[in-house]
Amino acid sequence: MSLNIVVCVKQVANPDYFSEITLDPETGAIQREKVPSVLNPVDENAIEEALRLREKYSGKVTAISMGPPQAKEVLDWALTLGADEAILLCDRAFAAGDTLATAYVLAAGIKAICPVDIIFCGNEAVDGATQQVGPQIAELLGYPHISNVSELIVNEDKTAVATRIIEYGHLKMEAKLPVLVSVSREINQPRTATAEGIFSLMDKVFRTWSLNDVTVDEKNIGLTGSPTRVGKVYEQKNERQRLILKGAPEEMVNTTIEKLRQEGLI
Ligand code: FAD
């Protein structure tokens, strides 16, 4: 059995530097110039699962991303790890899209390489964190979708049996391929890049597709195609006072009562 596998990967701000992201007080625009970008962490697990399936059967793994030109970095990483091909959907017309407009462009890119057997997504991007893009791509393509998957078995008869993490345990689900699977971090331990992988980059197929390379209705892309709008972006200020008491317990209790009285709280 040969599988045509697609992995959706997103470039995000490095979570280790989230505290350095600030907002322009005037415009509310996010200022993240000094923050390095990385591959969305759980997307590494999505790549790993795709590679393991290709190794078990055979076929092709294509990594796809929608983003600015610098998103090529995460696609190069996917190729280094072992993906066969990469596609960057990059056009000013795609920018400023909400999750639906993003999913629409990704679905259009995937359609262009159909028939596809399995699409992998991460469960959630660490920055936007809506968990919407995977299910929306599946809906747009008319595929079944299984989310939060911690174990996946694909059988010779082209059925997928997935274990999902749910609130109080696990849920087993079965779907016929083609299917979209959103993975959780528990699904596997991603491999690290090898020197061979880094050298192989030069021989891999990398494509950048713009508006003219995909079949889309321009009404559904970018800001125009986004049914949601950002109402307001603001920094939450913590204005609570902090008081650290020291001393014997009885002394601290008395001080607490005194402070609460002073504030008119008791
Ligand atoms: P999730 O749904 O949490 O991601 C789940 C998985 O989907 C990921 O693990 C990955 O596998 C896949 N995935 C998600 N996004 C991508 C992608 N781009 N490529 C490939 N795979 C992906 N963001 C901007 O960067 N610039 C903007 O100008 C902008 N404007 C916006 C305007 C509005 C009105 C709104 C509501 C949002 C805007 N965003 C913008 C945010 C952008 O829509 C989201 O970052 C994007 O849709 C992904 O959503 P998420 O981060 O919640 O991903």
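Order of appearance sets the numbers: ligands from 1, and atoms from 1 within every ligand.
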Problem - Side chain Asn254, main chain Glu251, donor-acceptor under 3.5 Å - result: no
Practice task
Quick one: look up the protein heavy atom nearest atom 45 (O) of ligand 1 and list residue, atom name and how far away it is.
Solution key: Lys10 NZ, 2.8 Å
Problem - Within reach of ligand 1, part of Val12 (heavy-atom separation under 4.0 Å) - result: neither
Problem - Ligand-side contact atoms (ligand 1) for residue partner Gly128, heavy atom cut-off under 4.0 Å - result: 50 (P), 51 (O), 52 (O)
Practice task
Keeping the roles fixed (side chain from Asn148, backbone from Arg164), state whether a donor-acceptor pair exists under 3.5 Å.
Solution key: no
Exercise for the section: Identify the protein heavy atom lying closest to atom 26 (N) of ligand 1, giving its residue, its atom name and the separation to 0.1 Å. Expected result: Ala96 N, 4.4 Å
Completion exercise
Residue, atom and distance of the protein heavy atom nearest atom 20 (C) of ligand 1 read Val9 O, 3.0 Å
Problem - Note: Arg52-Glu48 ion pair, threshold 4.0 Å (strictly below) - result: yes
Practice task
Tell me which protein heavy atom sits closest to atom 19 (N) of ligand 1, plus the residue, atom name and distance to 0.1 Å.
Solution key: Met66 N, 3.1 Å
Handout entry: Per-atom contacts, ligand 1 versus Thr99 - under 4.0 Å to a heavy atom
Key = 43 (O), 47 (O), 49 (O)
Completion exercise
Looking only at protein heavy atoms, what sits closest to atom 34 (C) of ligand 1 is Thr228 O, 3.2 Å
Practice task
Could you give me the CA-CA distance, side-chain angles and deciding distance for Glu218 and Thr224, then say whether side-chain contact (heavy atoms from CB on, under 4.5 Å) is met?
Solution key: CA-CA 8 Å; Glu218 287 188 49; Thr224 321; over 6 Å; no
Completion exercise
Closest to atom 52 (O) of ligand 1 among protein heavy atoms sits Thr130 OG1, 2.6 Å
